[in-house]
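Since the structure is predicted, the reported quantities are computational estimates derived from the model, not experimental observations. Per chain, numbering begins at 1; letters A, B, ... match sequence-line order.
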2 protein chains.
Amino acid sequence: MAKSNPPFMSGVPELLLLRLLDNREMYGYELVRAIKEVTGEAISLGEGVIYPVLHSLERTGSLKARRKPVGGRTRVYYSLTRQGRGRLADLQEDWRRIQGGIETALESPGHA
Amino acid sequence: MAKSNPPFMSGVPELLLLRLLDNREMYGYELVRAIKEVTGEAISLGEGVIYPVLHSLERTGSLKARRKPVGGRTRVYYSLTRQGRGRLADLQEDWRRIQGGIETALESPGHA
DNA sequence: TTAGATGCCTCGAATCACAAGGTATATGAT
DNA sequence: ATCATATACCTTGTGATTCGAGGCATCTAA
């Protein structure tokens, strides 16, 4: 029935979120803009990506949420749990691995 | 409606294939192993990924195919077209862009 | 009062990658 | 001889992920 592993190169949104939240707690709408900014406009993830990932990370215990009313609106601030820090380290290592692999491939000899 | 752009970080299989074929013509089964090898085992793409991508690249004019019987079996060798070289350059630039963006994000100040 | 920004959210669809299979020939071992 | 493994091509079903577009509500500025 095809258990299907996660695609070999997913988890980048997750990685970016965890990395940002490792600095300080932030809320969803803020994270959407922060990702664009911190990647030098190279990566732009919409709310339709961010919110589900945040919820998933919370469900699996990597993040904890804190609702905070700010001027009539309500923000949901997320921060890393201990487990989340572990997850971050894992994803970071995964990323370096595949990034390194691709770099090796691109730099391998033979192209003009 | 939802025309949906390609996921922000797809096209890596495509990139790797084009890069390898920029050196010399190769056939599908060979490419499956070559990707594993050239990425230092970091990335392993099965035939279920490779063959469809090759067909797609041929259909869109980035690759041309050449059937070649070898000892009873038939291999399909692929090589880059001019257009394929352009496509490779584009994908390479895309990759550098997002790779750089992520690196910036990961190295940004603030983590212990 | 209307438009735009903030701030949360979800849904349907597109895209992609994965595992698992199916076909066929060759080779090596039993 | 026969059976397993490697080579070599392929497709199909499914699952995971992302995308776009929207909905809801509040605040601010024109």
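Considering every non-hydrogen atom in both B/Pro52 and B/Glu47, the closest pair reads CD-O, 3.7 Å.
Between B/Arg75 and B/Glu30 there is no salt bridge, since no side-chain nitrogen of the basic residue lies less than 4.0 Å from a carboxylate oxygen of the acidic one.
Within 6.0 Å of the CD atom in A/Glu41, the count of heavy atoms belonging to other residues, nucleotides or ligands exceeds 12.
Within the nucleic acid shown, B/Gly48 comes within 4.0 Å of at least one base atom, counting heavy atoms only. Contacts of A/Val70 with the nucleic acid, taken as non-hydrogen atoms under 4.0 Å apart, are absent.
If you measure from atom CD of B/Glu47 to atom P of C/dG22, you get 15 Å, rounded to the nearest angstrom. The interatomic distance linking A/Glu25 (CD) with C/dG7 (P) rounds to 14 Å, in whole Å. The CD1 atom of A/Ile50 sits 18 Å away from the P atom of C/dC11 (whole-angstrom rounding). Note: CZ (B/Arg75) to P (C/dT25) measures 17 Å, nearest angstrom. Here the P atom of nucleotide C/dT6 and the CG atom of A/Leu31 are 14 Å apart, to the nearest Å. In this structure, CE of B/Met9 is placed 19 Å from P of C/dT15, rounded to the nearest angstrom. For B/Asn5 and C/dA14, the CG to P distance is 13 Å, given to the nearest whole Å. Rounded to an integer number of Å, the gap from CG of A/Leu57 to P of D/dT17 is 11 Å.
In this structure, B/Arg67 and A/Gly71 both approach DNA chain D, and ranking their closest nucleotides by distance from the 5' end singles out B/Arg67. Each of A/Tyr51 and B/Ser10 was matched to the nucleotide of DNA chain C holding its nearest heavy atom; the match closer to the 5' end belongs to A/Tyr51. Checking A/Arg33 against B/Val53, the closest nucleotide of DNA chain C that is more toward the 5' end is the one next to A/Arg33. Each of B/Tyr78 and A/Gly11 was matched to the nucleotide of DNA chain D holding its nearest heavy atom; the match closer to the 5' end belongs to B/Tyr78.
The main-chain N or O of B/Ser62 is found under 3.5 Å from a side-chain atom of B/Thr81 such that the two form a donor-acceptor pair.
Residue B/His55 has a polar side-chain atom (N or O) positioned under 4.0 Å from OP1 or OP2 of D/dT11. Phosphate contact (OP1/OP2 of C/dC8, side-chain N/O of A/Tyr27, threshold under 4.0 Å): absent. The side chain of A/Tyr29 contributes no N or O atom lying less than 4.0 Å from OP1 or OP2 of C/dC8.
For A/Pro6, counting side-chain heavy atoms from C-beta on, the closest listed nucleotide (C/dC18, D/dT18, D/dA16) is D/dA16. The B/Arg73 side chain lies nearest to D/dA8 when the options are D/dT18, C/dC9, D/dA8.
Tested against B/Val76, the residues B/Glu58, B/Arg67, B/His55 include a single side chain to side chain contact (heavy atoms under 4.5 Å, CB included) partner, B/Arg67.
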